[in-house]
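Below: one structure, written as structure tokens.
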Amino acid sequence: MAEIDPTAVFPNERTVTAVGNGEMTQIHRGQQYASEGDTFEIDGETFEVVDVTERTLGDMTDEDAQREGSADLEAYKQRMVRAHGGDFEWNEDADVVRHRVARVE
């Protein structure tokens with residue numbers, strides 16, 4: 001358990017802001033960037049990493065996409081293409097790591 005910088009898990013200001021505003025509660029990344037129990041602060045509020053799970057892109061659901069700030073899985077896929085450039089291809093078998101966070105009350 002460690003105190004980390006939020007950008008260790010959430011890679012840019014838009015995603016950090018979305019977590020702080022309650023619009024994002026998880027993110028899938030290509031590898032593990034935090035451990036369960038790690039904490040970070042955004043605008044004076046503390047957040048905890050409550051779950052870190054290995055998955056594949058094919059495991060993702062509309063609910064996962066919504067927790068990441070997208071309307072549904074299709075919108076999430078389109079966002080990933082925009083974020084990673086035209087050379088990103090959705091591969092159902094690609095390994096990813098889900099990081100879930102919660103505001104500490």
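Closest heavy-atom contact between S70 and R79: OG-NH1, 2.9 Å.
Annotation: side chain of N91 is not in contact with side chain of E89 (no heavy-atom distance under 4.5 Å). Using a 4.5 Å heavy-atom threshold, the side chains of V49 and T39 count as separate.
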Pairs of donor and acceptor atoms involving the side chains of residues 29-36, under 3.5 Å and at least two apart or interchain, shall be tabulated with distances.
residue : atom : partner : partner atom : Å
R29     : NH1  : V9      : O            : 2.6
Q32     : NE2  : A34     : O            : 2.8
E36     : OE2  : V52     : N            : 3.3

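Rounded to the nearest 0.5 Å, atoms CZ (R100) and CE (M24) are 12.5 Å apart. Rounded to the nearest 0.5 angstrom, T17 OG1 and I42 CD1 are separated by 7.5 Å. Atom CD of E74 and atom CH2 of W90 lie 9.0 Å apart (nearest 0.5 Å).
Residues I27 and V96 do not share a hydrophobic cluster, clusters being chains of Ile/Leu/Val/Met/Phe/Trp/Tyr side chains in contact below 4.5 Å. At a threshold of 4.5 Å between side-chain heavy atoms, the hydrophobic network of Ile, Leu, Val, Met, Phe, Trp and Tyr places M60 and V81 in one connected group. No continuous path of ILVMFWY side-chain contacts below 4.5 Å connects V97 to V50, so the two sit in separate hydrophobic clusters.
Scanning for side-chain contact (heavy atoms from CB on, under 4.5 Å) contacts around T25 gives R67, with sequence neighbours left out. Checked against side chain to side chain donor-acceptor pair (under 3.5 Å), D59 has the following partners two or more places apart in sequence or in another chain: T56. Applying the side chain to side chain donor-acceptor pair (under 3.5 Å) test to N12 and every residue at least two apart in sequence or in another chain returns T15.
T61 places a side-chain N or O within donor-acceptor distance of the main-chain N or O of E63, the cut-off being under 3.5 Å. No donor-acceptor pair under 3.5 Å is formed between the side chain of D38 and the backbone N or O of I4.
Q26 and H99 form no side-chain donor-acceptor contact under 3.5 Å, judged by distance and modelled atom types alone.
In this structure, D43 places its CG atom where only 12 or fewer heavy-atom neighbours from other residues, nucleotides or ligands lie under 6.0 Å away.
Among pairs with a residue in residues 44-58, those fulfilling salt bridge (charged side-chain N to carboxylate O under 4.0 Å, His left out) read E45-R103, D51-R98, R55-D64, at least two apart in sequence or across chains. For residues 45-70, the ring pair (Phe, Tyr, Trp, His ring centres under 6.0 Å) pairs, not counting sequence neighbours, are F40-F47.
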